[in-house]
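Chain letters run A, B, ... following the sequence lines, proteins first, then strands; residues in each count from 1. Because only heavy atoms are used, hydrogens play no part in the values below, and waters and symmetry mates are left out as well, while side chains stay in.
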Protein chains: 2
Amino acid sequence: MSTCIDPSAIPEEAPPDPVRPHHHGNLKSALIDASIDLLNADGPSGLTLRKAAARAGVSHAAPAHHFAGLADLLTAVATRAFELFTTAMRHARQDAGENARARLEGICTGYIRFANEHAGLFHVMFLSADVDRSDPHFLRTSEAAYAELRLACLPFSRVAPDPDQTLEIAVWSLVHGYAVLGFGAPWRKGIGPTPPSDFRDLLDRILASHTMPD
Amino acid sequence: MSTCIDPSAIPEEAPPDPVRPHHHGNLKSALIDASIDLLNADGPSGLTLRKAAARAGVSHAAPAHHFAGLADLLTAVATRAFELFTTAMRHARQDAGENARARLEGICTGYIRFANEHAGLFHVMFLSADVDRSDPHFLRTSEAAYAELRLACLPFSRVAPDPDQTLEIAVWSLVHGYAVLGFGAPWRKGIGPTPPSDFRDLLDRILASHTMPD
DNA sequence: GAGGGATCTTGACACTGTCAAGAAAATACC
DNA sequence: GGTATTTTCTTGACAGTGTCAAGATCCCTC
């Protein structure tokens, strides 16, 4: 009897999708990737739990098993983004060579360029009200990014270590304010004046009263 | 027959609400007020078209006749907020007296204090992705706020007028970055280091290389 | 006083995040 | 190896959101 029917010929009852098994395999990471794609494509409001799920090829409620909610996904995205941010600044520093001043400049340039080129991500990292900024994993990676900037400021400290961190806060506020008030993200256009041709002039004003280590 | 029934006794058919007439009177302004209340109470995500309508005592679709959509309401709220912002800085400047340096410091202090005390509004003004920042009315009021800061920077310009606006952009970026990276809004907690005891130290670094006009 | 435009309401739609219940697969356990 | 449990995902539902269409109501003008 069994020979009468070729098992491979009959339309089998429920092989739901041979290419996509029931288990995704690495859905958590895939959802973060999808979210970053959506943010880069459509800006801060382009990210949605359901759209991220659809882009990862999964039903709308699947993310709930990996993220407690939208805020949790946003926090994970911001965390991943800070890793990219740190490596971007690190590369900018390395490209700048050995000179301490050039290195700090490189960090700041990387900071601003990242804000412009990844405006959606940058928005989530710094401006989203939903990210849980007390999350331990988020804290660790964001502080790693700040450490990169702090390290570049160290050679310019009036006293080392500066107890009030005045210089690094000044540089950090300057570059962040400049990046945020800028210029590049289409949904932030027209916010301010034309940026100066070179950020160096602004940095000069912060470092003017200091000895140049090189 | 008519005497059999006291007209004031029967539950009349449809006097919908004697205290609230069909026409609100000044709904557009009332919606902006309600939105500001909601933002101050519940933060940036507390503002909703329907909630603003309910708070103004009006049906959920009524705002559509005064605002093209949520983005339009947000733009109007941001515009109103910039007016408050400007007067706040102006008061801070007047309280600071005649000394140019003290006046600039007052402006910056007012800037930061406003960001902390009206965090929800500040978020909409500067950080919301939905505000139409090319709206003429918005542009006018926001530029008035910037003018207040620019005016306070004028006495410190190396050359007057500074063609590159380097100084004012430096001060502006510094104070804005400091305010945004701060400190005060509960949903932004834990973002950075402890702020220095006084913003004056940071301002010193911007103005160090300049002649003090007073 | 009648017409017309502005203003508001009601109802509906698609979309959102979130929850509950169940199916399917992987894993643990005996 | 076979069963039980846990993890993972699906389906379905719910309230809340912005937005649109159609109608009721009011005010103003002619």
How many Å lie between [atom1] on [X] and [atom2] on [N], as a whole number?
X      : N      : atom1 : atom2 : answer
A/D130 : C/dG17 : CG    : P     : 11 Å
A/D42  : C/dT16 : CG    : P     : 12 Å
A/N26  : C/dA25 : CG    : P     : 19 Å
A/F67  : D/dT8  : CZ    : P     : 12 Å
A/K28  : D/dT7  : NZ    : P     : 14 Å

Validation row: A/L139, A/P136 side chains within 4.5 angstrom (heavy atoms):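 No, too far: nothing below the 4.5 Å cut-off.
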Heavy-atom check, side chain of B/L84 versus side chain of B/L121, under 4.5 Å: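 B/L84 reaches B/L121 side chain to side chain.
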Which nucleotide in D/dT10, C/dT9, C/dC8 has an atom nearest any side-chain atom of B/A61: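 From the listed options, C/dT9 comes nearest.
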Just the atom pairs and distances: protein N or O near nucleotides 14-17 of chain D's N or O, under 3.5 Å.
none

Backbone N/O of A/D130 and side chain of A/S128: donor-acceptor pair under 3.5 Å: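 Yes; at least one donor-acceptor contact below 3.5 Å.
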B/Y178 ring center within less than 6.0 Å of B/Y111 ring center: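 No, they do not, as the ring centres are separated by 6.0 Å or more.
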Contact under 4.0 Å: A/H65 side-chain N or O vs D/dT10 OP1/OP2: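 Answer no for this pair, as no side-chain N or O of A/H65 is under 4.0 Å from OP1 or OP2.
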Side-chain N or O of B/H60 closer than 4.0 Å to phosphate OP1/OP2 of D/dT19: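 For D/dT19, neither OP1 nor OP2 has a side-chain N or O of B/H60 closer than 4.0 Å.
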Pairing of B/R55 and B/D33 as salt bridge, 4.0 angstrom limit: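 Looking at B/R55 and B/D33, the cut-off is not met.
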Comparing A/G25 and B/G69 on DNA chain D - which has the more 5′ nearest nucleotide: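 Between the two, 5'-proximity favours A/G25.
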Aromatic plane relationship, A/Y146 with A/W172 - under 30° parallel, 30 to 60° tilted, over 60° perpendicular: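 The arrangement is tilted - the two ring planes meet at 30° to 60°.
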